[in-house]
Amino acid sequence: MTRFTRMLGAATLMISTAMVVEFALAQRGVAQGQPHPFQPTPPRLERLVRAPGVIEGTLTRVDGRTESVDVSIFLGLLGKTIEVNRDTLIQVNGREARFADLQEGAKVKAFYEERGAKLVATRLEVLTG
């Protein structure tokens with residue numbers, strides 16, 4: 001038997017042993033109701049999915065049909081489409097307002113939540129003039 005064959009056999013044995021130990025530990029954790037160490041726990045995943053966000057820019061589109069707005073930054077090249085619903089607090093120049101009061105071209109600070117694939121506004125602070 002050559003030296004290379006012996007080293008290859010030893011490496012294979014070490015890798016196989018490590019895999020068996022990892023499998024046994026993973027099964028033990030699953031049996032005890034613990035998540036796999038490399039999988040995020042549901043609360044941590046929940047925080048990632050529903051992380052609140054903020055964007056400041058210009059209202060480049062106000063769509064009354066879908067009740068959504070486009071907020072653009074960096075010369076209108078980057079931005080987000082954000083849905084507005086009845087729970088969204090809208091303020092124009094510091095006063096409570098309605099969706100119909102929103103005007104394209106106004107400066108806005110939009111606070112939103114990610115809900116699935118949608119961004120839903122929780123608050124819009126708009127400055128006109």
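Start at 1 with the first residue, then count along the sequence.
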Working for side chain to side chain contact (heavy atoms under 4.5 Å, CB included), residues L124 and V84: CA-CA 9 Å; L124 296 176; V84 179; 3.9 Å; yes
Test side chain to side chain contact (heavy atoms under 4.5 Å, CB included) applied to S72 and R61, step by step: CA-CA 9 Å; S72 295; R61 185 181 63 86; over 6 Å; no
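Here the straight-line distance linking atom CG of L78 with atom CD1 of I55 works out to 8.5 Å at 0.5 Å rounding. Of the inter-residue distances, the one linking T58 atom OG1 with I73 atom CD1 reads 10.0 Å to the nearest 0.5 angstrom.
For N93, the side-chain contact (heavy atoms from CB on, under 4.5 Å) partners are L127, T128, not counting sequence neighbours.
For the residue pair T66 / S68, a side-chain donor-acceptor distance below 3.5 Å is found, with atom types taken as modelled.
Sorted by first then second residue, the side chain to side chain donor-acceptor pair (under 3.5 Å) pairs that include residues 77-91, not counting sequence neighbours, are D70-T81, N85-T88. Counting only residues at least two apart or on different chains, the salt bridge (charged side-chain N to carboxylate O under 4.0 Å, His left out) pairs with a member in residues 119-129 are R123-E125.
Residues L119 and E114 approach most closely at CD2-CG, 3.5 Å, considering heavy atoms. Closest approach of A110 to I82, counting heavy atoms only: CB-CD1, 3.8 Å. Nearest heavy atoms, L59 versus Q103: CD1-O, 3.6 Å.
Looking at V120 and Y112, their side chains never come closer than 4.5 Å, going by heavy atoms from C-beta outward. L89 places none of its side-chain heavy atoms less than 4.5 Å from the side chain of T122.
The cluster map of Ile, Leu, Val, Met, Phe, Trp and Tyr, joined by side-chain heavy atoms under 4.5 Å apart, puts F111 and I90 in different clusters.
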